[in-house]
Enquirer: 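One structure follows; several queries about it will come next.
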Amino acid sequence: MMLLAIEQGNTNTLFAIHDGKDWIAQWRVATETTRTADEYAAWLYQLMQMHGLDFKIIKDCIISSVVPQSLFNLRKLCQRYFDRQPYVIGENTHLGIEIRIDKPREAGADRLVNAVGGHITYAGPLIIIDSGTATTFDVVGADGGYEGGAIAPGINLSLQALHSAAAKLPRIAIEKPARKIGKDTVSAMQSGIFWGYIGLIEYMITSIKAEYGQKMIVIATGGVASLFEGATDSIDHFDHDLTLRGLLEIYKRTLARDAS
């Protein structure tokens with residue numbers, strides 16, 4: 001079994017291949033809503049060739065996307081170049097968990113995939129923090145049910161907004177400053193952005209735990225989660241493979257459902 005998993009966020013799109021035992025290759029490309037199926041194929045073909053892989057090895061495809069405008073072309077990529085009707089989170093897949101929010105259809109595919117990936121890895125109720133274009137805080141019950149959560153602007157989005165809206169503030173890179181009190185504009189911005197986000201994360205974790213009323217394990221994942229490693233004791237685990245693990249599990253659950 002060679003599975004092509006596609007995980008599309010607002011900023012990046014991850015393509016990964018699983019051979020039935022391990023993830024044998026992973027590549028990222030910037031998410032662009034105008035990118036066509038043929039453009040995806042040309043890019044992916046070259047990367048697979050560099051790894052000694054061929055399109056013919058792909059036997060199934062699964063897609064998680066939060067960008068509706070791009071889903072059409074990702075679907076066409078699977079149909080045209082791999083001769084497969086892809087499994088799409090939210091359409092023809094079996095999550096195997098309850099979605100306990102007022103409007104289940106509004107739950108983001110990425111948040112549901114993370115809930116599945118977290119539940120099969122960690123025991124007990126969870127808080128999953130996914131740091132990307134947005135920073136999401138999701139609550140997963142002890143039985144794996146998705147309980148809802150919170151959405152805040154991502155750290156890069158906030159930094160971009162600060163630069164765009166304030167004429168004298170430069171564009172800077174995100175770094176962990178040693179001091180909270182900046183001595184120049186750049187260090188002051190770095191402090192406010194970085195430590196401000198640590199404050200956001202720690203406050204949200206404390207508040208969610210108090211509201212939920214149970215002991216919870218806190219997991220961090222996402223493209224910029226590594227920035228916060230070593231900066232806070234509020235996060236129990238940094239798990240950069242959480243989403244892929246969830247996609248693989250959903251694929252297996254869907255196959256089991258279809259076979260029954």
Enquirer: Distance-only, no hydrogens or angles: does the His51 side chain make a donor-acceptor pair with backbone N or O of Leu53 under 3.5 Å?
Expert: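 Not at all, since once roles are kept as given, no pair shorter than 3.5 Å links the two residues.
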Enquirer: Quick one: do Trp43 and Leu14 end up in the same hydrophobic cluster if we chain Ile, Leu, Val, Met, Phe, Trp and Tyr together by side-chain heavy atoms under 4.5 Å apart?
Expert: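 Cluster IDs for Trp43 and Leu14 differ.
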Enquirer: Do the side chains of Ile128 and Leu244 join up, straight or via other hydrophobic residues, at under 4.5 Å, putting them in one cluster?
Expert: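 Ile128 and Leu244: separate clusters.
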Enquirer: Do the side chains of Asn10 and Val66 get nearer than 4.5 Å, heavy atoms only?
Expert: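 Yes. Closest side-chain heavy atoms under 4.5 Å.
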Enquirer: Does Thr243 use its side chain to pair, donor to acceptor, with the backbone of Asn114 at less than 3.5 Å?
Expert: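 No.
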Enquirer: Judged by atom type as modelled, is there a donor-acceptor pair below 3.5 Å linking the side chain of Ser191 to the main-chain atoms of Ala188?
Expert: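 Looks like no, no N/O pair under 3.5 Å.
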Enquirer: Is the shortest heavy-atom distance from the side chain of Ile174 to the side chain of Gln190 under 4.5 Å?
Expert: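 Answer no - side chains too far apart.
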Enquirer: Would you check, one step at a time, whether the test side chain to side chain donor-acceptor pair (under 3.5 Å) holds for Gln69 with Thr33?
Expert: CA-CA 6 Å; Gln69 306 95 311; Thr33 58; 5.6 Å; no
Enquirer: With rounding to the nearest 0.5 Å, note down the distance linking OG1 in Thr34 to CG in Asn73.
Expert: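 Separation between the atoms: 9.0 Å.
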Enquirer: Taking the six-membered ring of Tyr40 (Phe, Tyr or Trp), confirm whether the NZ or CZ of Arg35 is under 6.0 Å from its centre and within 45° of its axis.
Expert: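 Satisfied, under 6.0 Å and within 45°.
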Enquirer: Taking the side chain from Tyr251 and the backbone from Leu3, do they hold a donor-acceptor pair closer than 3.5 Å?
Expert: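 Such a contact is absent between Tyr251 side chain and Leu3 backbone.
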Enquirer: So does Arg257 get a backbone contact from the side chain of Ser260, meaning a donor-acceptor N/O pair under 3.5 Å?
Expert: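 Such a contact is found between Ser260 side chain and Arg257 backbone.
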Enquirer: For residues Ile235 and Ile205, determine if any side-chain heavy atom of one lies less than 4.5 Å from a side-chain heavy atom of the other.
Expert: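 A side-chain contact exists here, since the closest heavy-atom pair is under 4.5 Å.
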Enquirer: Is there a donor-acceptor pair closer than 3.5 Å between any side-chain N or O of Arg253 and the backbone N or O of Leu95?
Expert: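 Side chain of Arg253 to backbone of Leu95: a pair is present.
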Enquirer: Is the closest side-chain heavy-atom distance between Cys61 and Tyr87 below 4.5 Å?
Expert: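 No, their side chains stay 4.5 Å or more apart.
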Enquirer: Any chance CZ of Phe72 has more than 12 other-residue heavy atoms, nucleotides or ligands included, within less than 6.0 Å?
Expert: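 At most 12 heavy atoms, drawn from other residues, nucleotides or ligands, come within 6.0 Å of this atom.
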Enquirer: Once rounded to the nearest 0.5 Å, what's the spacing between atom OG of Ser70 and atom CG of Leu77?
Expert: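 Rounded to the nearest 0.5 Å, the OG-CG separation comes out at 12.0 Å.
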Enquirer: Quick check: is Ile89 connected to Leu248 through a chain of hydrophobic side chains (ILVMFWY, heavy atoms under 4.5 Å apart)?
Expert: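 Yes; tracing contacts between hydrophobic side chains, which count when under 4.5 Å, links both residues.
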Enquirer: Pair Thr254, Ile250 - check side-chain contact (heavy atoms from CB on, under 4.5 Å), show working.
Expert: CA-CA 6 Å; Thr254 302; Ile250 292 169; 4.0 Å; yes
Enquirer: Tell me if a side-chain donor or acceptor on Thr135 pairs with a main-chain N or O of Ser131 at a distance below 3.5 Å.
Expert: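 No; zero donor-acceptor contacts below 3.5 Å.
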Enquirer: Do Met2 and His18 come within less than 4.5 Å of each other through their side chains, counting heavy atoms only?
Expert: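 Answer no - side chains too far apart.
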Enquirer: Just by modelled atom types, is the Gly148 backbone N or O under 3.5 Å from a matching donor or acceptor in the Arg100 side chain?
Expert: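 Here the side-chain-to-backbone pair does not exist.
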Enquirer: Does any part of the side chain of Phe55, heavy atoms only, come nearer than 4.5 Å to the side chain of Leu4, both counted from C-beta?
Expert: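 No, their side chains stay 4.5 Å or more apart.
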Enquirer: Which heavy atom of Pro177 sits nearest to which heavy atom of Phe194, and what is that distance?
Expert: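 That would be CD-CB, 3.8 Å.
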Enquirer: With rounding to the nearest 0.5 Å, note down the distance linking CZ in Phe238 to OG1 in Thr221.
Expert: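 Phe238 CZ to Thr221 OG1: 10.5 Å, rounded to 0.5 Å.
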Enquirer: Hey, any chance Ile120 and Trp23 share a hydrophobic cluster, counting ILVMFWY side chains that come within less than 4.5 Å of each other, even indirectly?
Expert: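 Different hydrophobic clusters.
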Enquirer: Per the salt bridge (charged side-chain N to carboxylate O under 4.0 Å, His left out) rule, what does the pair list look like for residues 215-241, sequence neighbours excluded?
Expert: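 Passing the test, one end in residues 215-241: Asp239-Arg245.
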Enquirer: Considering all heavy atoms of both residues, which atom of Lys76 and which atom of Ala37 are nearest to each other, and what is their separation?
Expert: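 Scanning both residues completely, I find the closest heavy atoms to be CB-CB, 3.7 Å.
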Enquirer: Please assess Val88 against Thr93 for the test side-chain contact (heavy atoms from CB on, under 4.5 Å), listing each intermediate value before the final yes or no.
Expert: CA-CA 6 Å; Val88 179; Thr93 54; 5.8 Å; no
Enquirer: The test is side chain to side chain donor-acceptor pair (under 3.5 Å); show your working for Thr11 and Thr133 and say whether it passes.
Expert: CA-CA 6 Å; Thr11 302; Thr133 305; 2.3 Å; yes
Enquirer: Please determine whether residues Ile101 and Ile97 belong to a single hydrophobic cluster, defined as Ile, Leu, Val, Met, Phe, Trp and Tyr linked transitively by side-chain heavy-atom distances below 4.5 Å.
Expert: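 The answer is yes; both residues are in one hydrophobic cluster.
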Enquirer: Is Arg80 salt-bridged to Asp38, going by a charged N under 4.0 Å from an acidic O?
Expert: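 Salt bridge present between Arg80 and Asp38.
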Enquirer: Between Tyr146 and Glu98, is a side-chain contact (heavy atoms from CB on, under 4.5 Å) present by the stated rule, with each step listed?
Expert: CA-CA 6 Å; Tyr146 178 73; Glu98 289 188 21; over 6 Å; no
Enquirer: Do you know which two heavy atoms are closest between Ser65 and Gln8, and how far apart they sit?
Expert: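 Closest pair (atom of Ser65, atom of Gln8, distance): OG-OE1, 2.7 Å.
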Enquirer: Does Glu39 reach the main-chain N or O of Thr36 with its side chain, forming a donor-acceptor pair under 3.5 Å?
Expert: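 Here the side-chain-to-backbone pair exists.
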Enquirer: Around atom CG of Asn92, are there more than 12 heavy atoms from other residues, nucleotides or ligands closer than 6.0 Å?
Expert: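 More than 12 within 6.0 Å, yes.
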Enquirer: If I compare all heavy atoms of Val67 with all of Gly9, which pair ends up nearest, and what's the gap?
Expert: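 For Val67 and Gly9, the tightest heavy-atom pair comes out as CG2-O, 3.6 Å.
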Enquirer: Could you pull out the closest heavy-atom pair between Lys56 and Lys59, with the gap in Å?
Expert: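 The answer is O-NZ, 3.4 Å.
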Enquirer: Would you say NZ of Lys209 has more than 12 non-hydrogen atoms from neighbouring residues, nucleotides or ligands within 6.0 angstrom?
Expert: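 More than 12 within 6.0 Å, yes.
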Enquirer: May I ask you to test the Ile6-Cys78 pair for a side-chain heavy-atom distance under 4.5 Å?
Expert: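 Yes - at least one pair of side-chain heavy atoms lies under 4.5 Å apart.
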Enquirer: Taking side chain as C-beta onward, heavy atoms only, is Phe15 less than 4.5 Å from Arg28?
Expert: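 No, their side chains stay 4.5 Å or more apart.
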Enquirer: Is it true that atom OH of Tyr203 has more than 12 heavy atoms of other residues, nucleotides or ligands lying nearer than 6.0 Å?
Expert: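 Atom OH in Tyr203 is not crowded, with 12 or fewer foreign heavy atoms closer than 6.0 Å.
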Enquirer: Calculate, to the nearest 0.5 Å, the distance between atoms OG1 and CE belonging to Thr185 and Met189 respectively.
Expert: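 Spacing of OG1 (Thr185) from CE (Met189) equals 8.0 Å.
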Enquirer: Between Asp19 (side chain) and Asp22 (backbone), is there a donor-acceptor pair under 3.5 Å?
Expert: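 Such a contact is found between Asp19 side chain and Asp22 backbone.
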Enquirer: Ion pair present between Glu91 and Arg75, side-chain N to carboxylate O less than 4.0 angstrom?
Expert: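 Judged by the 4.0 Å cut-off on N to carboxylate O distance, Glu91 and Arg75 do form a salt bridge.
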Enquirer: Report the distance from atom OG1 of Thr13 to atom CH2 of Trp27, rounding to the nearest 0.5 Å.
Expert: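 If I round to the nearest 0.5 Å, the distance is 14.5 Å.
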Enquirer: Please check if the number of heavy atoms outside Glu211 that lie under 6.0 Å from its CD is greater than 12.
Expert: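 Check fails, neighbour count at 12 or below.
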Enquirer: Does His237 form a side-chain contact (heavy atoms from CB on, under 4.5 Å) with Ile217? I'd like the steps, not just the answer.
Expert: CA-CA 8 Å; His237 303 282; Ile217 297 173; 3.8 Å; yes
Enquirer: Going from CZ on Arg111 to CG on Asp130, what distance comes out if it is rounded to the nearest 0.5 angstrom?
Expert: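 Spacing of CZ (Arg111) from CG (Asp130) equals 9.0 Å.
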Enquirer: Closest approach of Asn12 and Ala30, non-hydrogen atoms and distance?
Expert: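 Heavy-atom minimum between the residues: OD1-CA, 3.9 Å.
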